[in-house]
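Inspection log for the structure reproduced underneath, given as structure tokens.
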Amino acid sequence: MSDELANVINSRVQRGTAVAAGDGPGWVLQSTSDETGITDLDYDTPKHKPLKRFDSMWSRSTGLKPGVNENTVWKVSALFAFLIASSIATAVFAAQPQDAEYDAVAEEYVKTYLAAHPLRGTALGLHEYDGKISDYSRLALDAELSRLRRFDDRLAKFDPAKLSQRQSLDLRILQAAVKRELFEMQDMAVFERNPMVYARVADVNVYIKRNFAPLEDRVRSLVAIESQIPNILIAARTNLDEKLPKPFVELAIQIARGSADFLKKDLVAAVSGLKDDQLRVAFQGANRKAANALNDYATWLEREKLPKATLDFALGEEKFARFLTQTELVDLSPRKVLEIGMTQLKAEQDAFAEAAKKIDPNKPAIEVFKQIQSEHPASDKLIPDIARDLDKIRKYVVAHKLVGIPSEVQAKVKETPQYLRATSFASMDTPGPFEKRATEAYYYVTPTEEDWPPQEKEEWLTAFNYYTSDVVSIHEVYPGHYVQLLHLNASPASKVEKIFGSYAFIEGWAHYCEKMMIDEGFGGPSNSSPSEDDVKRAAKYRMAQADEALLRLCRLCVSIQVHTQNMSIDDATKFFQDNCYYEPKPARQEALRATFDPGYLNYTLGKLEILKLREDYKAQQGDEFSLQKFHNELLSHGMPPIRLLREIMLKDKSKWNEVL
């Protein structure tokens, strides 16, 4: 739930608000990219660990004392060798039935999961799920919970040690995915406590943003889906508790009305090329009923639920700890993670201030950053300038051998489609890993609108200052989300590994790339005797990167404090204002997100886990360490919880649990 919902609310963007972005889980998407100088990648993963070699027992002297019958010993030795060889063969082949049994269970889970989440199937590129929508009736939800519990039990019966290395990894990725679903249904009780779940059921963007089928076929799917929306919203009234958390209700009202507006305007405009009159009439009828049902739902929430809403949204320390352990395999207390986060926050604030001094030592850091934000393209140059700079970033990645880019297909920079502009600043639109038709990849950037007054245009463009724009492009495209998904598609990842991803891995990688690129000299001087302008330019990039890091660190700290230490929304808002220098409105948006998306701490958590893994891997490899090899290896095993990558990449087992 949280990944899809984040696409609706996760942006800190409001029209006319100076912001930066680069967010969104993105793991229902995919990608494609690069040019000359592509590094060939070795994705082969052995199915079994190599067996230990045994010296031949009859190729050495026996060292027998005089009088001992050597012939008898040879026979015993030969028999003993045969028994050992037989036992080894038995052990090897014993893993095969376990693998086959696991594969059957995994395949069954995937099929039943996608049957329960057909919109996800379509987004992944599996078009047998087109035209279908989840069943939100009480009976269906109870059946889904039973299904999850049943598979949780079945998966727990497999011993990872008795599976091949690949299946062992696969098993634990799937277990974490099941635990996440269970946590949302049982511990967060999203279908009983979160009305946003139902407000977002009209998210049918996938049918209009990608031409994976003729327009007529996609509209037929839309008619089938929209015709079910009124029933879903009737079910919502039955499923939801009497009293709901106030932030959830307020946001659900906004989402429902926004969704209704989207259906009535943007969706209609998107299918305006439809030629079939009969189909158009069917679409108009289903679309009108769905939009009306969403508006009615918003009105019902406003009248029936908002007056008696509460501020009961915190998970509590025990649940939050379980959330970290079960979904990301991070076995640290929330208090310890918060302690680490606060230390990192102070360090990043110091880096932000130190960079500001290099630009103008006489001004406060935030004033220096506001000055930087004034350096941006003109409205009519926004798209070409970002496209030019994106190519510069890609070439830097290739030239400095930072990570392999396993495709020559480059992401195309385009204006964000009109129907997505209200909730998007910049985003990657990449095909699902199983998409065979609509395989283009787009990097969407939201421009100013012609009818905006000059001041509003200027405020919007400050978020596209040259330095922040490049950092966001690093996060979204090269070498962030887009390159990660290119590796996923090029790797021998299983279906489980291509469908189910760790929030911390996906967002952690993209956020890590921001720091890694600046650390590796992007935006910095190209020679050993930099000019004053070179030094200032590098400092501006460091400030832009630190600004993005401060937001994600505040998310980590606020998420933990809101859910385990009774931090109020007002206090959380002030925390964002004081610690990442946000204006009141976007600060409150970020504070509200903490109430329903505790996992938004994973941007920083994943980044810190990758940095720790890199440090340990570098110590292990010594002179053989290469940043490119580290990144290629990191990206060649799907999207697993990073704790599992420690087992794959580190030889010293004592370090496997040292995730931070």
Side-chain angles (χ1 to χ4, degrees), residues 39 41 169 172 324-325 328-333 335-352 354-355 397 400-404 471 474-475 479-480 483-484 487 502-522 524 541-542 545-546 548-550 552-553 555-557 601-660:
T39 304
L41 302 175
L169 176 68
R172 287 176 289 171
L324 291 175
T325 303
E328 297 296 344
L329 311 185
V330 173
D331 194 16
L332 293 174
S333 71
R335 288 179 182 275
K336 180 61 179 176
V337 177
L338 176 60
E339 179 187 328
I340 293 169
M342 292 296 287
T343 300
Q344 291 290 326
L345 179 61
K346 177 64 168 62
E348 207 67 58
Q349 288 170 336
D350 289 346
F352 187 79
E354 190 62 32
V397 171
H400 288 76
K401 298 181 179 179
L402 299 180
V403 61
V471 172
I474 287 167
H475 180 109
V483 170
Q484 180 249 309
H487 275 260
S502 153
Y503 194 164
F505 178 89
I506 295 160
E507 291 303 340
W509 164 257
H511 188 36
Y512 158 84
C513 286
E514 300 166 20
K515 174 178 169 56
M516 181 272 294
M517 284 286 286
I518 304 303
D519 287 350
E520 290 302 310
F522 180 79
Y541 272 103
R542 179 60 75 185
Q545 177 265 317
E548 294 294 302
L550 287 172
R552 278 39 173 269
L553 280 159
R555 286 177 178 174
L556 180 143
C557 297
L601 91 166
N602 280 313
Y603 290 82
T604 291
L605 185 66
K607 170 187 171 180
L608 296 179
E609 286 189 83
I610 292 171
L611 286 169
K612 181 65 166 66
L613 174 57
R614 187 180 77 182
E615 176 189 326
D616 293 340
Y617 184 77
K618 186 175 183 178
Q620 171 184 282
Q621 298 300 105
D623 293 340
E624 295 181 2
F625 175 80
S626 146
L627 199 57
Q628 185 181 55
K629 287 180 180 178
F630 169 74
H631 292 151
N632 289 348
E633 179 68 15
L634 184 81
L635 296 175
S636 67
H637 302 283
M639 307 171 283
I642 297 163
R643 164 64 179 75
L644 296 181
L645 289 171
R646 297 184 69 81
E647 293 186 24
I648 295 169
M649 298 177 66
L650 300 179
K651 298 171 185 176
D652 185 350
K653 293 183 179 182
S654 68
K655 293 188 176 295
W656 287 358
N657 287 323
E658 297 174 7
V659 294
L660 294 175

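Note: hydrogens, waters and symmetry copies are ignored here, and every other heavy atom, side chains too, is used.
Side-chain polar atoms of Arg643 and Asn657 form a donor-acceptor pair below 3.5 angstrom.
Every residue two or more places apart in sequence or in another chain was checked for a side chain to side chain donor-acceptor pair (under 3.5 Å) with Gln344, and none qualifies. Remark: Asp652 engages no residue in a salt bridge (Lys or Arg N to Asp or Glu O under 4.0 Å) (not counting sequence neighbours). Scored by the side chain to side chain donor-acceptor pair (under 3.5 Å) test, Arg172 finds Ser168, Glu647 as partners (sequence neighbours excluded). Scanning for side chain to side chain donor-acceptor pair (under 3.5 Å) contacts around Gln484 gives an empty result, with sequence neighbours left out. With sequence neighbours excluded, no residue satisfies side chain to side chain donor-acceptor pair (under 3.5 Å) with Lys336. Taking Glu658 as the reference, Lys612 meet the salt bridge (Lys or Arg N to Asp or Glu O under 4.0 Å) condition, with sequence neighbours excluded.
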Checklist entry - Checking side chain to side chain contact (heavy atoms under 4.5 Å, CB included) for the pair His400/Glu520: CA distance, chi angles, key distance, verdict? => result CA-CA 9 Å; His400 288 76; Glu520 290 302 310; over 6 Å; no
Item to check | Leu613/Leu650 under side chain to side chain contact (heavy atoms under 4.5 Å, CB included): CA gap, chis, key distance, verdict | outcome: CA-CA 8 Å; Leu613 174 57; Leu650 300 179; 4.0 Å; yes
Next on the checklist: Does Arg614 form a side chain to side chain contact (heavy atoms under 4.5 Å, CB included) with Met516? I'd like the steps, not just the answer.
Outcome noted: CA-CA 11 Å; Arg614 187 180 77 182; Met516 181 272 294; 4.0 Å; yes
Item to check | From CA spacing to verdict: salt bridge (charged side-chain N to carboxylate O under 4.0 Å, His left out), Glu548, Arg552 | outcome: CA-CA 7 Å; Glu548 294 294 302; Arg552 278 39 173 269; 3.4 Å; yes
Next on the checklist: Quick one, Val330 with Ile642, criterion side chain to side chain contact (heavy atoms under 4.5 Å, CB included). Give me CA distance, side-chain angles, the key distance, then yes/no.
Outcome noted: CA-CA 9 Å; Val330 173; Ile642 297 163; over 6 Å; no
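Residues Leu660 and Glu609 form a side-chain contact, since some pair of their non-hydrogen atoms from C-beta on lies under 4.5 Å apart. Contact annotation: the side chain of Glu633 approaches that of Ile648 to within less than 4.5 Å [non-hydrogen atoms, C-beta and beyond]. Looking only at side-chain heavy atoms (C-beta outward), Val471 and Met517 stay at 4.5 Å or farther from each other. Residues Leu634 and Trp509 meet the side-chain proximity criterion, which asks for heavy atoms closer than 4.5 Å. Under the 4.5 Å side-chain criterion, counting only non-hydrogen atoms from C-beta, His637 is not in contact with Leu644.
Residue Glu339 holds its CD atom at 11.5 Å from SG of Cys557, rounded to the nearest 0.5 Å. Interatomic distance, Ile610 CD1 to Phe505 CZ, rounded to the nearest 0.5 Å: 6.5 Å. Annotation: the span from Leu553 atom CG to Leu605 atom CG amounts to 11.0 Å, rounded to 0.5 Å. Here Cys513 contributes atom SG and Lys607 contributes atom NZ; the two are 11.0 Å apart, rounded to the nearest 0.5 Å. If you take NZ on Lys618 and CG on Asp623, they are separated by 10.5 Å, rounding to the nearest 0.5 Å. To the nearest 0.5 Å, the span separating CG on Leu608 from CG on Asn602 amounts to 11.0 Å.
In terms of heavy-atom proximity, Leu324 sits nearest to Leu332 at CD1-O, 4.1 Å. Taking both residues in full, the closest heavy atoms of Val403 and Pro479 are given as CG1-CB, 3.6 Å, listed atom of the first, atom of the second, then distance. Taking all atoms of both residues into account, the shortest heavy-atom contact from Met649 to Gln620 is O-NE2, 3.0 Å. Among all heavy-atom pairs drawn from Leu550 and Leu345, the shortest one is CD2-CD1, 3.7 Å. What you find for Lys401 and Gln628 is that their closest heavy atoms are O-CB, 3.0 Å. In this structure, Ala504 and Glu328 approach most closely via the heavy-atom pair N-OE2, 3.2 Å.
Salt-bridge check for Lys651 with Asp616: failed, with every basic side-chain N at 4.0 Å or more from each acidic carboxylate O.
No more than 12 heavy atoms of other residues, nucleotides or ligands shown are found within 6.0 angstrom of CG on Asp331.
Tyr512 has its ring centre less than 6.0 Å from the ring centre of His631.
The aromatic rings of Tyr541 and Phe522 stand perpendicular to each other, their planes meeting at an angle above 60°, with 30° marking the opposite boundary.
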